[in-house]
Amino acid sequence: MLREFKRPQKLMGNAFEITVVNNDEKTAQHHIDAAVDEIRRIEKLLTTFNEESQTNLINQNAGIQPVKVDLEVFDLIERSLRISNITDGYFDISYGGIDKSFWNFDREMKQLPNPELIKEHLKLVNYKNILLNREDQTVFLKEKGMRIGFGGIGKGYAAEMAKRLLQKKGVISGIVNASGDLTTWGNQADGKPWTIGIADPENAKQPFSYMNITDMAIATSGNYEKFVVINGKKYSHTINPKTGMPVSGVKSVTIFCPNAEIADAMATPVSIMGIDSALNMVNQINHLECIIIDDHDKIYSSQNINLK
């Protein structure tokens, strides 16, 4: 008899939940252990909280020398640069130097950071200054003080890798939920497709729409969970890498795509680049769909989405 086994777990600083469908509890837990180990392994590679991580070694050598990294890290950076290209730089992993120093979304912020200071730091944000050498498998940040970080793509990458590992182990269906960015495959234990609720920005616990999905990843970027209000205006924790300022005007973006890494990476640029440009971009990319809700609760969706 097939059943769903779930385990919530804090990983990468986020609330993950791993679900596998199996007929045996012991086997299911064993599979979940393997998925957790895989996510922890990726966290070690990508974290900026550990001096020894490859990400930190790249950052410490900015403007000094190229750093040899694992092929996996090299490939992830290469794919990140491709996404920067497609999104015209609205997705940019060299954003690492800014968010932490200027924006602290703990609701304690009372004023906006100094725009002049932000301008100074923005000079270091430019994905074109991340130089890759495939032959030597090295990464070089051209400017001293540059930093990369995987906050915009790491969770999705980890979810995708955990899913692939579980599929290799023969898990026929499941969900890896990385704090709301999730990837699904197969069907529920009763054979029906997974049903996903799209959160209502005004009431995060109350979905405004449901979708049946399988073999699909979903990522959401919204200002309803982390934000500050300064002089009566709401600023979301999503920062525009071109201005260093938080985004306003869009309440939430939900991305649908077969690959969790791409879904995660696309959620940020789509919420920043302006609704028309975003829809135009999404409509040109195969197997990518989105729903955008603006500050006035108007719902926009890409061409192939049918909301029930």
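For reference, positions follow the sequence shown, starting with 1.
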Would you call [X] and [Y] a side-chain contact if the rule is heavy atoms closer than 4.5 Å?
{"X": "Arg7", "Y": "Val36", "result": "yes"}
{"X": "Asp264", "Y": "Tyr157", "result": "no"}
{"X": "Leu71", "Y": "Arg134", "result": "yes"}
{"X": "Lys44", "Y": "Asn50", "result": "no"}
{"X": "Thr55", "Y": "Thr47", "result": "no"}
{"X": "Asp88", "Y": "Met281", "result": "no"}
{"X": "Tyr300", "Y": "Asp294", "result": "yes"}
{"X": "Phe5", "Y": "His31", "result": "no"}

Of all residues at least two apart in sequence or in a different chain, which pass the salt bridge (Lys or Arg N to Asp or Glu O under 4.0 Å) check with Asp37?
-> none
For Arg79, what residues pass the salt bridge (Lys or Arg N to Asp or Glu O under 4.0 Å) criterion, not counting sequence neighbours?
-> Glu261
With a 3.5 Å cut-off and no angle check, do the side chains of Asn56 and Gln60 form a donor-acceptor pair?
-> no
Please find the pair of heavy atoms, one from [X] and one from [Y], that lie closest to each other, and give the distance.
{"X": "Ile272", "Y": "Ile239", "value": "CD1-O, 3.5 Å"}
{"X": "Ala265", "Y": "Ile83", "value": "CB-CD1, 3.6 Å"}
{"X": "Lys142", "Y": "Leu131", "value": "CD-CD1, 3.7 Å"}
{"X": "Ala62", "Y": "Gly145", "value": "CB-N, 4.1 Å"}
{"X": "Leu2", "Y": "Asn23", "value": "CD2-N, 3.9 Å"}
{"X": "Phe74", "Y": "Asn133", "value": "CE1-O, 3.5 Å"}

Is there a donor-acceptor contact under 3.5 Å from the side chain of [X] to the main chain of [Y]?
{"X": "Glu38", "Y": "Ala162", "answer": "no"}
{"X": "Thr19", "Y": "Gly174", "answer": "no"}
{"X": "Glu160", "Y": "Ala260", "answer": "yes"}
{"X": "Thr183", "Y": "Ala217", "answer": "no"}
{"X": "Asn280", "Y": "Asp276", "answer": "no"}
{"X": "Asp181", "Y": "Gly156", "answer": "no"}
{"X": "Ser94", "Y": "Ile148", "answer": "no"}
{"X": "Thr254", "Y": "Thr220", "answer": "no"}

Working to the nearest 0.5 Å, report the span between [atom1] of [X] and [atom2] of [Y].
{"X": "Ser221", "Y": "Ile255", "atom1": "OG", "atom2": "CD1", "answer": "8.5 Å"}
{"X": "Lys169", "Y": "Asn22", "atom1": "NZ", "atom2": "CG", "answer": "12.0 Å"}
{"X": "Trp194", "Y": "Asp215", "atom1": "CH2", "atom2": "CG", "answer": "11.5 Å"}
{"X": "Asn59", "Y": "Met146", "atom1": "CG", "atom2": "CE", "answer": "9.0 Å"}
{"X": "Ile291", "Y": "Ile198", "atom1": "CD1", "atom2": "CD1", "answer": "4.5 Å"}
{"X": "Ile262", "Y": "Ile285", "atom1": "CD1", "atom2": "CD1", "answer": "8.5 Å"}

Indicate yes or no: does Lys128 engage Asp92 in a salt bridge with an N to O separation below 4.0 Å.
-> no
In one Ile/Leu/Val/Met/Phe/Trp/Tyr side-chain cluster, 4.5 Å: [X], [Y]:
{"X": "Ile299", "Y": "Phe256", "value": "yes"}
{"X": "Val67", "Y": "Phe140", "value": "no"}
{"X": "Ile305", "Y": "Ile293", "value": "yes"}
{"X": "Leu165", "Y": "Val73", "value": "no"}
{"X": "Leu288", "Y": "Tyr90", "value": "yes"}

Do Asn259 and His287 pass the side chain to side chain contact (heavy atoms under 4.5 Å, CB included) test, and can you show the C-alpha distance, the side-chain angles, and the key distance before you say yes or no?
-> CA-CA 9 Å; Asn259 181 303; His287 311 301; over 6 Å; no
If you look only at pairs with a residue in residues 54-74, which of them pass as a salt bridge (Lys or Arg N to Asp or Glu O under 4.0 Å), with sequence neighbours excluded?
-> Arg41-Glu72
Show your reasoning for whether side chain to side chain contact (heavy atoms under 4.5 Å, CB included) applies to Ile64 and Lys144.
-> CA-CA 7 Å; Ile64 303 168; Lys144 238 183 158 44; 3.5 Å; yes
Decide if atom NZ of Lys6 counts as having more than 12 heavy atoms of other residues, nucleotides or ligands within a radius under 6.0 Å.
-> no
For the pair Tyr127 and Ile93, evaluate side chain to side chain contact (heavy atoms under 4.5 Å, CB included) and give the outcome as yes or no after the intermediate values.
-> CA-CA 7 Å; Tyr127 70 94; Ile93 60 167; 5.9 Å; no
Side chain to side chain contact (heavy atoms under 4.5 Å, CB included) between Thr48 and Arg147: does it pass, once the steps are laid out?
-> CA-CA 10 Å; Thr48 47; Arg147 287 174 63 78; 4.1 Å; yes
